[in-house]
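Chain A is the first sequence line, chain B the second, and so forth, proteins listed ahead of strands; every chain is numbered from 1.
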Amino acid sequence: MNDKIRLRFAPSPTGALHIGGVRTALYNYLFTQKMGGTLILRIEDTDQTRYVPGAETYILESLRWLGMEFDEGPGIGGDFGPYRQSERKSLYGKYAQDLIDSGNAYYAFDTAEELTAMREAFESRKETFRYDGITRQQLKNSLTLSAEEVKTRLESGDPYTIRLKVPRDEEVLINDIVRGEVVFQTNELDDKIMLKGDGMPTYHLANIVDDHLMKISHVVRGEEWLPSTAHHILLYRFFGWEDTMPQFAHLPLILRPNGKGKLSKRDGDKLGIPVFPIAWEAEKAEDSFKGFREFGFMPQAVLNFLAFLGWNPGTEQEIFSLPQMAEAFSLDRISKAGARFDFDKASWFNQQYLIQTENATLGQLLKPLAKEKNYEVTDEYLTIVASMMKERVNFLPDIIKTGYYFFEPVREYEEKMIRKKWNPDRKTALLALNEQLENLPDYQAEKLEAHTKTYLEANGLGFGDVFPFYRIALSGTTKGPALFEMMEALGRAEVKKRLLTAFPAFDEVFANKINS
RNA sequence: GUUCCUGUGGACAAAUUGGUUAAGUCGUUGCUCUUUCACAGCAAAGAUUGCGGGUUCGAGCCCCGUCAGGAAUACCA
């Protein structure tokens with residue numbers, strides 16, 4: 001155990017956890033596993049206006065489904081709690097005050113309305129308003145107002161924020177593990193709010209204070225945070241925490257499957273693909289959606305797929321168990337460029353996992369799905385069906401969907417082949433063959449095949465004269481598992497029943513063909 | 001607009017850190033196997049490494065410029 005390595009995943013409970021967030025969690029997880037460090041879950045709920053009930057539960061359930069375990073966090077415990085920022089509210093004021101006392105922050109009394117008006121005015125001149133080292137000299141804050149006025153305003157309970165006093169004419173160097181050196185000029189930085197009017201800290205303050213207090217060693221987060229990292233470094237400097245400042249690694253974005261821009265919920269709706277780990281139940285139906293889980297993805301496959309969106313091990317191995325992945329993982333092999341979300345590749349990963357999984361295990365996973373359909377079958381039967389179907393589908397539920405004929409009568413016969421090849425005269429031979437097969441002592445695939453072969457030879461028939469019709473009669477389609485294995489699975493009684501219902505239907509198709 | 005980030009076949013990407021003919025995977029197409037489909041195996045097509053200069057015996061990699069895309073620019077995270 002390496003107690004120097006402490007990482008945190010810090011989602012905000014403002015809605016469902018996006019797949020990009022899942023990947024961030026995964027990289028944090030993999031790195032701590034690799035290093036033998038500690039993984040912390042911290043809930044960043046400092047904005048009560050955006051708080052969404054159920055979001056935290058959703059995050060927890062997603063992470064649990066995916067199999068990523070945390071060492072510290074809400075509901076888990078740890079020596080650095082509480083792990084919800086709303087429960088740490090009383091902590092942050094002191095640090096904001098420290099910033100004021102050291103001259104690195106100031107009180108600002110400008111109202112939100114005034115600032116919006118200011119922004120609009122700048123906008124109309126095609127300029128962008130920024131609360132910074134220049135504009136703050138014209139605004140209502142403790143730098144421009146007299147000491148007495150500030151005092152009376154504070155004492156009378158005037159609403160205020162505390163803003164970071166970004167110094168002029170300096171450079172801030174970020175040494176990012178994935179980006180290398182990135183330099184920002186402080187003159188380009190705005191005076192970010194540290195403490196909001198409601199007394200809550202902003203992300204920037206809370207994040208730095210908590211990362212320091214929780215002894216975080218590495219911050220692995222999305223690229224969207226890179227621009228504000230300069231502010232964060234300034235904060236570490238002002239607090240005198242530079243020695244223990246964490247190392248940063250900013251992850252590339254996950255891009256939408258086609259077109260430009262980052263992957264969004266809309267892409268999921270439009271393309272009918274999952275963009276979230278698990279389903280989200282909203283009050284309004286149109287706000288609800290399915291996740292990878294409901295699509296039938298296996299959690300390990302999702303993780304494997306996600307891991308390769310922006311990282312690769314440098315070897316040709318692509319299928320990794322979670323421990324193997326952790327072993328192979330390293331932050332400096334994370335790529336800089338955004339990675340496009342490719343559903344085909346995700347499906348491929350899932351199929352690989354499906355094929356790799358034991359049939360009996362798949363049988364167990366199929367059980368609830370079969371129950372949903374009221375299929376009364378044994379575990380053994382589900383295992384057999386799984387063994388026959390798993391190479392032919394991408395997702396577990398498809399075994400039941402496309403292989404429905406293992407559980408209920410054929411719904412529809414594929415007419416094309418019947419029209420092309422069916423001949424009512426063929427019936428006699430087919431039924432005769434089936435009768436012989438039915439009377440075989442062992443109704444078992446190899447025996448069935450061997451007997452069929454001799455029968456066909458004796459009667460001058462080929463496999464092609466028999467195969468498609470049996471197949472369609474049993475499953476409705478010419479695609480699917482090996483015929484004799486299907487027969488064995490269904491059993492002699494069911495096979496006979498299906499032939500007897502199918503052949504008259506074939507005749508009908510044939511009659512229509514003649515008439516038209 | 002400004003700041004920052006990023007550009008290698010359709011997608012993900014590798015390239016021993018400046019060294020010869022730019023890996024591999026997904027996808028596409030074909031073949032083999034299986035008288036089906038899928039899996040598997042084999043093969044093919046697909047790239048002037050965004051573009052233009054420069055340095056060098058030699059550039060995907062270093063330098064300059066340029067273009068494109070993205071992110072940030074909230075009392076959101």
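- Taking A:Arg119 as the reference, nothing meets the side-chain hydrogen bond (donor to acceptor under 3.5 Å, both in side chains) condition, with sequence neighbours excluded.
- Of the possible polar contacts, one joining the A:Thr186 side chain to the A:Pro167 backbone as a donor-acceptor pair under 3.5 Å is found.
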Restricting both atoms to N or O, compile the protein contacts to nucleotides 13-18 of chain B shorter than 3.5 Å, with distance only.
from: B:A13; atom 1: OP1; to: A:Gly310; atom 2: N; distance (Å): 3.3
from: B:A13; atom 1: OP1; to: A:Ser335; atom 2: OG; distance (Å): 3.3
from: B:A13; atom 1: O3'; to: A:Asn312; atom 2: ND2; distance (Å): 2.7
from: B:A14; atom 1: OP1; to: A:Asn312; atom 2: ND2; distance (Å): 2.7

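- A side-chain donor from one of A:Asp210 and A:Tyr92 sits under 3.5 Å from a side-chain acceptor of the other.
- Applying the side chain to side chain donor-acceptor pair (under 3.5 Å) test to pairs two or more places apart or on separate chains, those with a residue in residues 450-468 of chain A are A:Gln436-A:His451.
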Could you go through nucleotides 22-25 of chain B and list every protein N or O atom that sits under 3.5 Å from one of its N or O atoms, giving the distance for each pair?
from: B:G24; atom 1: O4'; to: A:Glu316; atom 2: OE2; distance (Å): 3.4
from: B:U25; atom 1: O2'; to: A:Glu318; atom 2: OE1; distance (Å): 2.3
from: B:U25; atom 1: O2'; to: A:Glu318; atom 2: OE2; distance (Å): 3.4
from: B:U25; atom 1: O2'; to: A:Lys345; atom 2: NZ; distance (Å): 3.0
from: B:U25; atom 1: O2; to: A:Lys345; atom 2: NZ; distance (Å): 3.0

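- B:A14 and B:G7: their P atoms are spaced 10 Å apart (whole Å).
- In secondary-structure terms, RNA chain B builds stems of at least 3 consecutive Watson-Crick or G-U pairs, each pair having both distances under 3.5 Å, at B:1-7 with B:67-73, B:10-12 with B:24-26, B:28-32 with B:40-44, B:50-54 with B:62-66.
- Along RNA chain B, the nucleotide nearest to A:Arg392 and the one nearest to A:Glu188 differ in position, and the one closer to the 5' end is contacted by A:Glu188.
- For A:Asp344, there are no side-chain hydrogen bond (donor to acceptor under 3.5 Å, both in side chains) partners two or more places apart in sequence or in a different chain.
- No side-chain donor-acceptor contact under 3.5 Å links A:Asp211 to the backbone of A:Ile208.
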Letter per nucleotide, 5' to 3', of nucleotides 72-77 of chain B [B base touched, S only sugar-phosphate touched, - untouched; heavy atoms, 4.0 Å]: S-SBBB

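- A 6.0 Å sphere centred on CD of A:Glu412 holds no more than 12 heavy atoms belonging to other residues, nucleotides or ligands.
- Side chains of A:His218 and A:Asn28: no donor on one and acceptor on the other come within 3.5 Å.
- Position along RNA chain B of the nearest nucleotide to A:Leu483 versus A:Phe341 favours A:Phe341 as the more 5'-ward residue.
- Listed by residue number, the members of residues 90-99 of chain A with any heavy atom below 4.0 angstrom from RNA chain B form an empty set.
- Backbone-only engagement by A:Lys336 is indicated by non-hydrogen atom pairs under 4.0 Å involving sugar-phosphate atoms exclusively.
- Of the possible donor and acceptor atoms, none in the side chain of A:Arg84 sits under 3.5 Å from a partner among the backbone N and O of A:Ile43.
- A donor atom on one side chain and an acceptor atom on the other are not found under 3.5 Å apart for A:Asn350 and A:Ser347.
- With sequence neighbours left out, A:Tyr353 forms a side-chain hydrogen bond (donor to acceptor under 3.5 Å, both in side chains) with A:Asn304.
- Comparing the C1' positions of B:A47 and B:A13 gives a spacing of 13 Å, expressed to the nearest Å.
- Checked against salt bridge (Lys or Arg N to Asp or Glu O under 4.0 Å), A:Glu123 has no partners two or more places apart in sequence or in another chain.
- To the nearest whole angstrom, the two P atoms, one in B:G19 and one in B:C12, are 25 Å apart.
- Here A:Phe467 pairs with A:Phe463, A:Phe484 under the ring-ring contact (aromatic ring centres under 6.0 Å, His included) rule; sequence neighbours left out.
- Within the 4.0 angstrom heavy-atom criterion, only backbone atoms of the sugar-phosphate kind lie near A:Gly261; the bases stay farther away.
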Tabulate below the donor-acceptor pairs under 3.5 Å that side-chain atoms of residues 393-402 of chain A make, not counting sequence neighbours, or state none.
from: A:Thr402; atom 1: OG1; to: A:Asp398; atom 2: O; distance (Å): 2.8

